[in-house]
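Note sheet for the following structure.
What you see below is based on every heavy atom in this structure, not just the backbone, and it leaves out hydrogens, waters and symmetry mates. Residue numbers start from 1 in every chain, and the chains themselves are labelled A, B, ... in the order their sequence lines are given, proteins ahead of strands. Note that the structure is predicted; figures quoted are calculated from it, not measured.
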Number of protein chains: 2
Amino acid sequence: MTDIQDSASGDGPATQLLVCVKCRRGRDMPPDGRRPGQALYERIRALELRPGISVAPVECLQNCDHGCTVALRGGDDKWTYVFANVDEADHPQMILDGAARYHATSDGLIPWRERPEHFKRNCVARIPPMTLPEEALND
Amino acid sequence: MTDIQDSASGDGPATQLLVCVKCRRGRDMPPDGRRPGQALYERIRALELRPGISVAPVECLQNCDHGCTVALRGGDDKWTYVFANVDEADHPQMILDGAARYHATSDGLIPWRERPEHFKRNCVARIPPMTLPEEALND
C-alpha cells in the first residue's frame with residue numbers, strides 16, 4: 001500500500017508528488033504516442049529527490065483541459081494541492097522545488113512569498129486536511 | 001477532529017461533502033455581502049442528508065475562477081473529487097444525489113451512466129485514494 005505516513009522521513013510525514021501520466025494536454029496524441037504527462041513524470045524522476053519526497057504516477061487526475069497536472073499531499077494534517085498547466089520541459093525542477101517547500105510546512109500552506117510563481121497562478125483546487133478541527137470547518 | 005472514519009455509517013466510511021463558502025464565483029461581492037458559496041452551503045444544509053453523508057464548509061478550495069466548488073471524499077480507500085461551476089440555486093439537490101451515489105461506491109468511482117451530468121462535465125480534479133496499491137501507482 002502507498003501509505004504516506006508509513007514512509008515518513010524524520011521531519012514529518014512524507015510528501016507525495018502525484019503526476020498525471022495520461023495527460024495529452026488537450027491535444028491529439030503525438031505521433032510517437034508519448035504523452036506529455038508521461039514525459040513529465042520521467043523527467044521529474046530523473047532529477048534528484050529530497051529526502052521525504054516521493055513521486056508517483058497516476059492515471060488521470062481529471063484536469064484534462066488544463067494539463068499537465070500534478071498534486072501534492074503529505075498526510076492527514078496537510079492541505080492537498082492540485083496544480084495545472086505544468087510543462088514537461090520547463091517545469092520539472094520548479095515542481096520539485098515547490099514540493100520541497102510544501103514538505104517543509106506543517107499544514108501544506110507554503111508562505112506566499114516562498115511559493116513558486118507557477119503555484120500561485122495555476123492552483124486548480126486544494127483539499128483540506130483530514131484532521132482540520134471541526135470548529136474550523138463549521139465556524 | 002473531523003475524521004471521516006470516525007463518523008462512518010454502517011455501510012462504509014462516511015462521505016464528506018466539502019463546500020467552498022468563500023466563493024464569489026469570480027464576481028464582485030454582492031451588495032448584501034452574501035457570497036454564492038455561503039448560499040450554496042446553506043441551501044445544501046437545508047436539505048435532507050442521507051445517513052453517512054456530512055456537509056462541511058471550507059474557506060476556499062482555490063478553484064476561484066470556476067466556482068462555486070464542492071469536493072467529495074470518503075476515507076482512505078476512495079478517490080477524492082472536486083467539482084466546479086456549481087449553482088447555488090439549481091444544484092443543491094443534484095449535489096446531494098451525487099454524494100449519495102459516491103457514498104454507495106467502494107472506491108469513489110461512480111459508474112459513468114449513474115454519474116450526474118454536471119459531475120461528468122465539471123470535474124476539475126480528482127485525487128487518488130491513500131490506499132491505492134503501489135503497483136497501481138507505479139505500473
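- Remark: B:Thr15 OG1 to B:Ile53 CD1 distance equals 5.5 Å, nearest 0.5 Å.
- A:Arg73 places a side-chain heavy atom less than 4.5 Å from the side chain of B:Pro128.
- Here the SG atom belonging to B:Cys20 is positioned 11.5 Å from the CZ atom belonging to B:Arg25, to the nearest 0.5 angstrom.
- When the shell of 6.0 Å around CZ of B:Arg50 is examined, it contains 12 or fewer heavy atoms from other residues, nucleotides or ligands.
- No donor-acceptor pair closer than 3.5 Å links the side chain of A:Lys78 to the backbone N or O of A:Leu72.
- Side-chain N or O atoms of A:Arg101 include one that pairs as donor or acceptor with a backbone N or O of A:Glu114 at under 3.5 Å.
- Proximity to chain B among residues 61-68 of chain A is limited to A:Leu61, A:Gln62, A:Asn63, judged by heavy-atom separations below 4.5 angstrom.
- Residues from residues 119-127 of chain A that place a non-hydrogen atom less than 4.5 Å from a non-hydrogen atom of chain B comprise A:Cys123, A:Val124, A:Ala125, A:Arg126, A:Ile127, given in numerical order.
- In this structure the side chain of B:Leu40 reaches within 4.5 angstrom of the side chain of B:Val70, judged on heavy atoms.
- A search for side-chain hydrogen bond (donor to acceptor under 3.5 Å, both in side chains) contacts involving B:Gln38 returns B:Glu42, not counting sequence neighbours.
- A side-chain contact (heavy atoms from CB on, under 4.5 Å) with B:Tyr41 holds for exactly one of B:Pro57, B:Pro36, B:Cys23; it is B:Pro57.
- Considering only heavy atoms from C-beta on, A:Leu17 comes within 4.5 Å of A:Ile44 through its side chain.
- Contacts between A:Cys60 and chain B at a heavy-atom distance below 4.5 Å involve backbone atoms as well as side-chain atoms.
- Note: B:Tyr81 and B:Trp79 have tilted aromatic rings, judged against thresholds of 30 and 60 degrees for the angle between ring planes.
- The two residues B:Lys22 and B:Arg35 have their closest heavy-atom pair at O-NH1, 2.7 Å.
- Against chain A, no residue from residues 85-100 of chain B qualifies, as none has a non-hydrogen atom under 4.5 angstrom away.
- Minimum interatomic distance between A:Pro13 and A:Gly74 (heavy atoms only, all atoms of both residues): CG-O, 3.5 Å.
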